[in-house]
Amino acid sequence: MNRNKTADNNGLSLASVLVGIFSILFSILFFVSVPLAILSIAFACLSRGAYRMNGQAKAGIWLSIIGMLMTAMLTFLIASFAVKYFSVFNINDMLFNIGSFLRQFGIGGF
């Protein structure tokens with residue numbers, strides 16, 4: 001029975017490593033990467049049981065942390081790029097464009 005418990009723990013720690021790797025690979029998609037990283041940490045914690053955490057479980061936790069950090073950095077970079085190059089929230093430009101459009105038809109005095 002003790003042997004099966006060890007085999008189950010090794011399976012969960014291996015699953016933690018694999019899911020941690022997938023969280024890094026899918027770090028561009030935050031809605032996929034973050035749940036995978038959380039699942040990887042859960043597998044690592046479940047593999048521990050009453051014993052100390054083995055190396056695979058620790059590697060799974062570190063891989064999931066790296067996956068979350070990469071996801072946060074990529075999300076920040078993509079959002080920064082989108083705001084910088086595709087911003088439609090510049091009020092002054094928007095009002096100027098509306099004013100120019102209305103002046104073409106003789107409407108408005110701004």
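Side chains are part of it too, since the values below use all heavy atoms of this structure and drop only hydrogens, waters and symmetry mates.
Remark: Thr75 OG1 to Met70 CE distance equals 11.0 Å, nearest 0.5 Å. Between atom CD1 of residue Ile61 and atom CD1 of residue Ile66 there is a gap of 12.0 Å, rounded to the nearest 0.5 Å.
Leu18 meets the side-chain contact (heavy atoms from CB on, under 4.5 Å) test with Leu14; sequence neighbours excluded.
Under the 4.5 Å side-chain heavy-atom criterion for grouping Ile, Leu, Val, Met, Phe, Trp and Tyr, Leu29 is connected to Phe22 within one hydrophobic cluster. Met53 and Leu46 sit in two unconnected hydrophobic clusters of ILVMFWY residues. Membership requires side-chain heavy atoms under 4.5 Å apart, directly or through other members. Following chains of ILVMFWY side-chain contacts shorter than 4.5 Å, one can reach Leu25 starting from Phe30, so the two form part of one hydrophobic cluster. Note: the hydrophobic cluster containing Phe31 also contains Ile24 (ILVMFWY, side chain heavy atoms under 4.5 Å, direct or indirect links). Linking Ile, Leu, Val, Met, Phe, Trp and Tyr residues whenever their side-chain heavy atoms come within less than 4.5 Å places Leu12 and Leu63 in a single cluster.
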Under 3.5 Å, side-chain donor or acceptor atoms of residues 33-45 against the rest of the protein: list the pairs with distances, not counting sequence neighbours.
from, atom 1, to, atom 2, distance (Å)
Ser33, OG, Ser23, O, 2.8
Ser33, OG, Thr71, OG1, 2.7
Ser40, OG, Ser16, O, 2.7
Ser40, OG, Ser16, OG, 3.3
Ser40, OG, Gly60, O, 3.1

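Considering every non-hydrogen atom in both Asn54 and Asn10, the closest pair reads ND2-OD1, 3.4 Å.
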